[in-house]
Amino acid sequence: MNIQKLFAESKEYSQELTEFARKLAFAAAAICWFFKKEPEVTFPTAIYFSLFFIVLFFFFDVLQYLVGTVTLYAWTRKKEKEYLDKYKEKAYEQALLKPIWIIKLVYSFFLLKIFFLCLAFLALGQEFISRMIK
């Protein structure tokens with residue numbers, strides 16, 4: 001298998017994981033509502049942390065795609081201008097490799113969002129365990 005195919009497979013995994021993670025984040029937020037205390041609608045501390053981590057998950061989910069879009073567009077536009085000067089009408093036929101710094105930047109947001117989703121579920125689990133012990 002060549003590098004291009006491996007990157008395509010990795011992209012497919014990350015897309016699938018992102019879709020699944022979003023569903024899990026919504027589910028975690030829904031579970032948090034079972035812990036609300038009436039009549040003021042307050043939550044145990046662990047649930048506040050879980051909700052906070054869910055918000056961070058969605059923040060980094062959006063940031064991953066925003067940063068990826070903006071940086072890749074800006075870099076591609078810069079290359080387009082350079083190549084139009086250098087290759088004229090053949091500029092759009094030139095092969096380009098996406099710079100590793102863009103890949104690493106976007107991937108770091110991907111890892112952060114998954115990390116915060118895990119923390120959200122750990123906080124939920126902590127609340128479940130503390131209720132079971134009582």
- request: Test K113 against T18 for side chain to side chain donor-acceptor pair (under 3.5 Å), laying out the working first.
  value: CA-CA 9 Å; K113 75 180 181 185; T18 292; 2.9 Å; yes

- prompt: Looking only at heavy atoms, what is the nearest atom pair of W75 and L97, with distance?
  reply: CH2-O, 3.3 Å

message: Classify the ring geometry of F116 against F53: parallel below 30°, tilted from 30° to 60°, perpendicular beyond 60°.
response: parallel

- request: Report the distance from atom CD1 of I47 to atom OG1 of T42, rounding to the nearest 0.5 Å.
  value: 11.5 Å

statement: When every non-hydrogen atom of F121 is compared with those of L24, the smallest separation belongs to CZ-O, 3.5 Å

F110/Y107 aromatic ring centres below 6.0 Å: yes

query: Closest heavy-atom contact between A29 and I54?
result: N-CD1, 3.5 Å

statement: Nearest heavy-atom approach of A120 to S50 is O-OG, 2.9 Å

message: Just verifying a value: how many Å separate I102 CD1 and L72 CG, rounded to the nearest 0.5 Å?
response: 5.5 Å

message: Counting the benzene-type ring for Trp, do F43 and Y48 have ring centres under 6.0 Å apart?
response: yes

- prompt: Which heavy-atom pair separates R22 from Y65 by the least distance, and what is that distance?
  reply: NH2-CE1, 3.3 Å

Salt-bridge criterion met for K23 and E19 (N-O under 4.0 Å): no

